[in-house]
A.B. asks: 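The following block contains the structure, expressed as structure tokens.
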Amino acid sequence: MIQITFPDGRVQAYENGTTALQIAQSISESLARNVLAAEVNQEVWDATRPISHDATLHLLTWEQLQGKSTLWHSAAHLMAEALEALYPGIQFWVGPPVEQGFYYDVDLNGHTLTPDNFAAIEAKMLDLARQNNPYQRIEKSKTEAVDYFTEKNDPYKLDLLQRLNDGEITFYKQGQFTDLCKGPHIPHTGFIKAVKLMNVAGAYWKGDENNKMLTRIYGIAFTKEKDLKAYLHMLEEAKKRDHRKLGKELELFTFSEKVGMGLPLWLPKGAMLRERLIQFMQRAQLKAGYVPVATPHIAHKDLYVCSGHYEKYGSDAFKPILTPHEGEAFYLKPMNCPHHCEIYKALPRSYKDLPVRLAEFGTVYRYEQHGELHGLTRVRGFTQDDAHLFVRPDQVKEEFCKVIDLVLYVFKALKLNDYTAQISLRDPEQPGKYIGSDENWNLAEASIIASAAEKGLKTVVELGEAAFYGPKLDFMVRDAIGRKWQLGTIQVDYNLPERFELEYTGSDNQKHRPVMIHRAPFGSLERFIALLIEHCGGQFPLWLSPEQYAILPISEKYNAYAYEVAAALETEDLRGFIDDRNEKIGKKIRDQEVRKVPFMLVVGEKEHAQQQVSVREHGRGDIGTMSITEFSAHIKKLIAQDLN
RNA sequence: GCCGAAGUAGCUCAGCUGGUAGAGCAGCUGAUUUGUAAUCAGCUGGUCGGGGGUUCGAGUCCCUUCUUCGGCUCCA
């Protein structure tokens, strides 16, 4: 007998070799019908795998992430089975579950596959699914496995096998398809009731562009047809929030082939939004003791040789600009830090001066590969809300904490609650990748971890994600399609002060080296605004909204009064406009509603007589009449709430 | 850069197997002077992304190029 401990702490004895599925059946038939896998001693197992020792057991259904992942992984195998049936001779690399479904990388060996083929593959998958074929786990010795794939002439699986040890090799078989796989899988294919292939894409074998390109087929599967419908609907909704679509509709920004790809052009409304963000940040920074500086867009090659960026990124950068006669090389600046180092150096610094906090909204240019460009989130020219803090080593942690405060203040004002904080540390396996002493790195990493903990941030630690010059803390946010992007970043740097030989005079009258902290709460303004657009679906916080109100005269007779109202509100420092088109009020309301203008002020006979405005709130409708001063007070109160 | 898909009016899209470009919205002009999500009528607007080719004839077929979109370690 074995002792099974359930999540609620209950312990029950079962016969040795009982499976999770049988245990589920002993509890209830309906539970058993939903069990996809089981967590046995924290490890996800097939629900049909016999348990031969005491264990904690957590039954996994569609409700648990691991349950879903298991189903998706099994669906990947199902897709492989369908593909193999439809395209004989194709070979498989890997087919894991991902956040939204699964994919399988295949070598089509001459077959071609386009989205037009999806329907046939999906139909085949469902056909196979209905056979309720069990996923059978088969343990093999390494020799058996190697023999199997040698006979199949499968270089991909043989490559995978190379890295596996004897005794840990398992195959999974369902229907006609057998795959090298560590599992786990769902009990049988019948759990898969709905499938949808999402797209095909090329993917280099092992992600290395020198290798052959395989075909990656993405799909998703569900246990209910209804869930698939809901998922597709959710995708449609997400598309509506896409910043590229809203940016066009709300006239925020555009791109021009003549100007060049990846170089955004800000239209007046987008520029207004940008200005507001900049102003907001400048105020916050002034309060936090930053001083603004300004630097040019290009710099001599020597600057980047000194900073080390030339060596590191020289080949990936734009080509240098040469002076016509002397042939001296200048580069568009890819970052602001080297310039700021020179500003630090321009004056003698005492320990009493530190921290020195130099801030600049610096526009930088970076070469991004053609295929990497994406709306405003990945561009070739963008503006950072950059600042560099030059601090004494004993100030690192305190300053780091202050920066976190600033980032959190910004995120809160913009209602970005759904972020993750990622601490990026060195990859212990590649020490050669990094510049700087071990001692400094250890110090910096410890400071970041301590600061994040002190500020109560929920963090994820990623080894190997650090920059070559120092560890960092990044704030990541998802876009409408679920992709993760880095927004704010705080990075400790012991390298640049060394390279630029930065110094300050200590209380001991000796020269000391400061530590640098790079930080950008927005990161790139372009990317930040993109994510902001998607998060609020184009409905910006009132204080940011390019147009806060629209005045809608009932007819041309009341235009004059509309202008009076506009003039009054302008002196109150509010932004708006008059819709004095020769249209009916319903049309005007509709149009401004579509344009997501936060407030509409309807003015006609009655309002004019009483010196009032009829206020409509976007998405809410009529909220009653008030005087102009009442309205302006109302708006200001709402703005104050946002910013505090 | 590489794999795949797409590019038709300012925007959203239609245009079957090649026969000489069309709708709605926007814009312009006029009528209307309007009370809380689309007033009516008329008009303008496109070398169908660019270049080349096949053909009597190309938005449609072929080649090439540019741009956009989805991917390109989320490693059994």
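Just so you know, these numbers come straight off a predicted model, no measurement behind them. In what follows, chains carry the letters A, B, and so on, assigned in the order in which the sequence lines appear, proteins first and then strands, with residues in each chain numbered from 1.
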A.B. asks: Distance from A:Tyr310 atom OH to A:Tyr331 atom OH, nearest 0.5 Å?
C.D. replies: 4.5 Å

A.B. asks: What is the distance, rounded to the nearest whole Å, between atom CE of A:Met213 and atom P of B:A5?
C.D. replies: 13 Å

A.B. asks: Heavy-atom count check: over 12 atoms from other residues, nucleotides or ligands less than 6.0 Å from A:Glu151 CD?
C.D. replies: no

A.B. asks: Given that both distances must come in under 3.5 Å, which nucleotide forms a Watson-Crick or G-U wobble pair with B:U17?
C.D. replies: none

A.B. asks: Which one is paired to B:G4, where only Watson-Crick or G-U wobble pairs with both distances under 3.5 angstrom count?
C.D. replies: B:C69

A.B. asks: Which base sits across from B:U39 as a Watson-Crick or G-U pair, both distances under 3.5 Å?
C.D. replies: B:A31

A.B. asks: Any side-chain N or O of A:Lys182 below 4.0 angstrom from OP1/OP2 of B:A76?
C.D. replies: yes

A.B. asks: If pairing requires Watson-Crick or G-U wobble contacts with both distances under 3.5 Å, which nucleotide is the partner of B:C61?
C.D. replies: B:G53

A.B. asks: Could you measure the distance from the CG atom of A:Leu574 to the CG atom of A:Leu569? Nearest 0.5 Å is fine.
C.D. replies: 6.0 Å

A.B. asks: Is a salt bridge present between A:Lys206 and A:Asp208, judged by a nitrogen-to-oxygen distance below 4.0 Å?
C.D. replies: no

A.B. asks: Under a 3.5 Å cut-off for both distances, is B:C75 Watson-Crick or wobble paired, and to whom?
C.D. replies: none

A.B. asks: Taking a pair as Watson-Crick or G-U wobble with both distances under 3.5 Å, which nucleotide is matched to B:A23?
C.D. replies: B:U12

A.B. asks: To the nearest Å, how far apart are A:Gln369 CD and B:C2 P?
C.D. replies: 10 Å

